[in-house]
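Below is one structure, written out as structure tokens, with a few remarks after it.
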Amino acid sequence: MSIQRTLALIKPDAVKAGHVGAILGAIEKNEFRIVAMKLVHLTKKQAEGFYAVHRGKNFFTPLTDFMSAGPIVAMVLEREEAILKWREVMGATDPAKAAEGSLRRTFGTSIQYNATHGSDAPETAAFETRYFFDELEIC
Ligand code: CMP
């Protein structure tokens with residue numbers, strides 16, 4: 001097992017609904033160390049850049065509209081196997097298919113409005129972390 005970092009987002013639906021506190025609580029309960037955190041309101045172009053890997057898919061336009069519609073909380077989380085563990089805590093992409101008690105099952109309302117995001121691999125985590133944070137902002 002190795003100490004890893006992953007990029008985590010609390011999406012505009014969960015921020016607007018007032019779930020930031022509960023999600024931060026779950027992060028701490030699951031023994032992640034928050035090594036960077038900020039509230040950001042992405043422009044449409046910044047959302048498109050973040051999700052560039054999905055460009056051309058049928059959900060790209062609604063996804064980037066949604067992700068630029070309001071503030072999000074961006075964080076870098078650290079713990080053993082952080083990437084896999086954060087994906088476990090979030091649950092499946094589609095809240096209807098996510099495990100009982102997972103964040104997306106609890107706070108998500110559809111595959112698009114799914115409350116949280118997490119990197120899916122070390123290379124993605126490196127790209128996504130750099131997208132939101134400078135080296136000096138990570139403690
Ligand atoms: P996220 O983990 O942020 O990564 C890409 C996002 O696209 C995903 O969560 C969903 O919110 C959104 N999305 C919308 N429709 C789909 C779909 N059909 N399949 C996968 N992701 C989708």
Side-chain angles (χ1 to χ4, degrees):
M1 297 242 267
S2 61
I3 298 286
Q4 269 182 339
R5 288 177 175 177
T6 191
L7 189 278
L9 300 179
I10 304 177
K11 296 187 177 186
D13 56 334
V15 173
K16 192 170 176 194
H19 298 315
V20 171
I23 293 172
L24 293 180
I27 286 169
E28 293 190 331
K29 186 168 152 257
N30 284 281
E31 299 178 341
F32 291 95
R33 201 162 74 82
I34 300 170
V35 297
M37 177 160 68
K38 62 172 115 173
L39 193 67
V40 193
H41 190 156
L42 295 174
T43 63
K44 172 80 171 162
K45 279 229 165 324
Q46 289 168 334
E48 288 173 351
F50 181 72
Y51 281 119
V53 67
H54 295 301
R55 193 179 282 281
K57 295 185 184 157
N58 60 351
F59 57 84
F60 183 71
T61 298
L63 172 65
T64 51
D65 283 345
F66 161 58
M67 289 300 290
S68 56
I72 61 175
V73 178
M75 289 165 282
V76 181
L77 305 182
E78 183 181 270
R79 61 157 281 163
E80 279 182 359
E81 303 299 331
I83 295 172
L84 193 65
K85 182 69 185 173
W86 176 237
R87 292 177 73 77
E88 230 175 80
V89 172
M90 288 193 299
T93 306
D94 183 351
K97 296 182 184 148
E100 200 63 52
S102 65
L103 294 176
R104 283 167 165 166
R105 180 64 169 258
T106 307
F107 300 117
T109 52
S110 72
I111 196 161
Q112 178 166 293
Y113 301 119
N114 65 353
T116 55
H117 167 84
S119 311
D120 62 3
E123 311 74 54
T124 333
F127 166 78
E128 294 185 347
T129 296
R130 271 198 311 274
Y131 202 81
F132 281 96
F133 296 98
D134 292 334
E135 199 55 46
L136 283 175
E137 293 176 297
I138 302 173
C139 304

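Just follow the structure's listing: the first ligand is 1, and inside any ligand the first atom is 1.
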Report the hydrophobic cluster partners of Phe107, with the cluster defined as I, L, V, M, F, W, Y residues connected by side-chain heavy atoms closer than 4.5 angstrom, directly or transitively.
->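 ILVMFWY cluster around Phe107 also holds Ile10, Val15, Val20, Ile23, Leu24, Ile27, Phe32, Ile34, Met37, Leu39, Val73, Met75, Leu77, Trp86, Val89, Met90, Leu103.
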Under a 4.0 Å heavy-atom cut-off, which residues neighbour ligand 1?
->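 Within the 4.0 Å shell of ligand 1, which is judged on heavy atoms, sit Lys11, Tyr51, His54, Phe59, Leu63, Thr93, Arg104, Ile111, Gln112, Asn114, His117.
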Check for a donor-acceptor pair, side chain of Arg87 on one end and backbone N or O of Gly118 on the other, with a separation under 3.5 Å.
->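 Checking the backbone N and O of Gly118 against the side chain of Arg87, a donor-acceptor pair under 3.5 Å is found.
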Sub-3.5 Å donor-acceptor pair from the side chain of Gln4 to the main-chain atoms of Ala82, do we have one?
->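 Side chain of Gln4 to backbone of Ala82, a donor-acceptor pair under 3.5 Å: yes, one is there.
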Might you point out which heavy atoms bring Ala121 and Ile83 nearest each other, and give the distance in Å?
-> C-CD1, 3.6 Å
Going by the angle between their ring planes, with limits at 30° and 60°, are Phe50 and His117 parallel, tilted or perpendicular?
->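 Rings of Phe50 and His117: perpendicular, as their planes differ by over 60°.
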Could you tell me whether Glu100 and Arg105 make a salt bridge, using a distance below 4.0 angstrom between a side-chain N and a carboxylate O?
->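 Between Arg105 and Glu100 there is a salt bridge, with a charged N closer than 4.0 Å to a carboxylate O.
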